[in-house]
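First the structure, in the form of structure tokens, and then the observations on it.
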Amino acid sequence: MNFLPILLSLALMQWSLMGPIQIDEGVILRLADQSPISLEQVVEDLAAHRVVLVGEAHDNPAHHQVQLTLIKRLHERKPEMAVAMEMFPRHLQPQLDRWVAGELTEEAFLDAVEWYFTWGFAAELYWPILRYAREARIPLLAMNIRRETVTTVRKRGLANLDQEILDTLPPMCPAPLAYRLRLEEVFQSHPMMSHSGRFEYFVEAQGVWDGVMADRIKSWSDAHPEGLVVGLVGSGHVIMGHGIPYQLRRRGVEDLVTLLPWVGAESWIDREAADYVWGTPETPDSPPPAQLGVTMDDQRQDGVWVQTVVEDSLASKAGIRPKDRIRQWNGEDLPSRHALVRKVKGAAHGHEIVLKVERDGREEDIKIQMP
């Protein structure tokens, strides 16, 4: 008897049960049994937990729409709720509190958190979530760590971090083998990183990053035993139960669930990637953000001072020079470097703007046509 067809059939059956799967746009799957479920069912399932982690590709608007939909529906069921956001390091918590309390305008909020220096992705992607939190008075939790701390650990190792910074960090749980293997793939795929850094430092940096965010979630959850925390983070911090889920479980937080928005047209998803997956459209193409083409002196706090001008940039073509002080944008004062960046990011394509520039004690108006 020829057993080969039977063996091949069994192998294909095993692969179909264990291998990655494709997720169609608009479909929500419970990955444990690969069954499609409704929005109502997934909301009911998620609401039964104390911590819900929802991933994202930072530049995909559909992922943020999934997050907003879940936040709204979950808040209907669990009024005692907080939204923890990777986008904000912990020291910015007072600014998030002021935003939710209605004390800041949108422009003032972006400047207060230095959005484009702190996070960098288009603010428009996150405004619907931020506005809803304010409208519904949902606490926003700043759960990230300063970017420079992660960078320092990646370059020098945790043991070489300044003691005053070490004292602010929670205990870190060593990365499991499966997570280390995945991180090694990431590390090796970035030649500059693998040539200039040590893999162990990279693992430590990721552990600090995940651990600090997990600690922030746990702290709020412990203080609100009947509450629900929804964490919004890059999918890399959630996938396969590594990262934040692992750090939470090592801290005794078992009542958690994960959901990943996923572009099925781009890649299939592992069956153990998360508890739930929501198929979304691809990230739409968008024009590159406008750039003035200057670097600014970050040591001066008395305005916006040009340090260097990029050759052939908008600034150089308009006649802006190093050591110029940019005082106004279309007649509006610029109190900080971030205020200028915010204006550039928000400028309409094709519009002419007028910068009032101080040079050698004299002021002049410089016109720039935005691309």
Answer yes when R342 and E114 have at least one side-chain N-carboxylate O distance shorter than 4.0 Å, and no when they do not. no
Distance only, no hydrogens: is a donor on one side chain within 3.5 Å (strictly under) of an acceptor on the other, for T69 and Q65? yes
Do the side chain of D275 and the main chain of T258 share a donor and acceptor less than 3.5 angstrom apart? yes
Spatial distance of atom CZ (R182) from atom CD (E185) [nearest 0.5 Å]: 9.0 Å
Flag yes if more than 12 heavy atoms outside E311 fall under 6.0 Å of its CD atom; otherwise flag no. no
Does Q34 use its side chain to pair, donor to acceptor, with the backbone of L31 at less than 3.5 Å? yes
Could you check whether any side-chain N or O of H63 sits under 3.5 Å from a backbone N or O of A57, counting only pairs where one atom can act as donor and the other as acceptor? yes
Residues R251, D215: salt bridge by 4.0 Å N-O rule: yes
If we check side chain to side chain contact (heavy atoms under 4.5 Å, CB included) with L46, which of these qualifies: V51, V54, L74? L74
Any donor and acceptor pair, going by atom type alone, linking the side chain of R50 with main-chain N or O of V253 inside 3.5 Å? no
Can you confirm if the aromatic rings of W262 and Y276 lie within a centre distance of less than 6.0 Å? no
Main-chain N/O of P139 paired to D97 side chain as donor or acceptor, under 3.5 Å: no
So, W99 side chain and L130 main chain: donor-acceptor pair closer than 3.5 Å or not? yes
Once you measure the plane-to-plane angle for W220 and H224, does it fall in the parallel (<30°), tilted (30-60°) or perpendicular (>60°) bin? parallel
For the residue pair F202 and F187, categorise the inter-ring angle as parallel (less than 30°), tilted (30 to 60°) or perpendicular (more than 60°). tilted
Per the side chain to side chain contact (heavy atoms under 4.5 Å, CB included) rule, which among I239, V257, L53 passes with P245? L53
Backbone N/O of L158 and side chain of E204: donor-acceptor pair under 3.5 Å: yes
Classify the ring geometry between H58 and W119 as parallel (under 30°), tilted (30 to 60°) or perpendicular (over 60°). perpendicular
Apply side chain to side chain donor-acceptor pair (under 3.5 Å) to the pair R98 and Q95, showing each step before the final yes or no. CA-CA 5 Å; R98 293 179 65 201; Q95 309 305 338; 3.2 Å; yes
Within 6.0 angstrom of E148 CD, more than 12 heavy atoms from elsewhere: yes
Between V42 and M81, is there a shared hydrophobic cluster once you connect ILVMFWY residues whose side-chain heavy atoms come closer than 4.5 Å? yes
Quick one: does any side-chain atom of S316 pair with a main-chain N or O of V309 as donor and acceptor, under 3.5 Å? no
In Å and rounded to the nearest 0.5 Å, what is the CD to CE distance from E352 to M370? 11.5 Å
Are the side chain of Q307 and the backbone N or O of T295 linked by a donor-acceptor pair below 3.5 Å? no
Give a yes or no answer on whether the side chain of E86 reaches the backbone of A142 with a donor-acceptor pair at less than 3.5 Å. no
Could you state the interatomic distance from CG (L334) to CZ (R327), rounded to the nearest 0.5 Å? 10.0 Å
What is the distance from atom CG of D162 to atom OG1 of T168, rounded to the nearest 0.5 Å? 10.5 Å
Is a donor from one side chain sitting under 3.5 angstrom from an acceptor on the other, for Y126 and W115? no
Let me know which of D210, L256, V212 forms a side chain to side chain contact (heavy atoms under 4.5 Å, CB included) with I244. D210
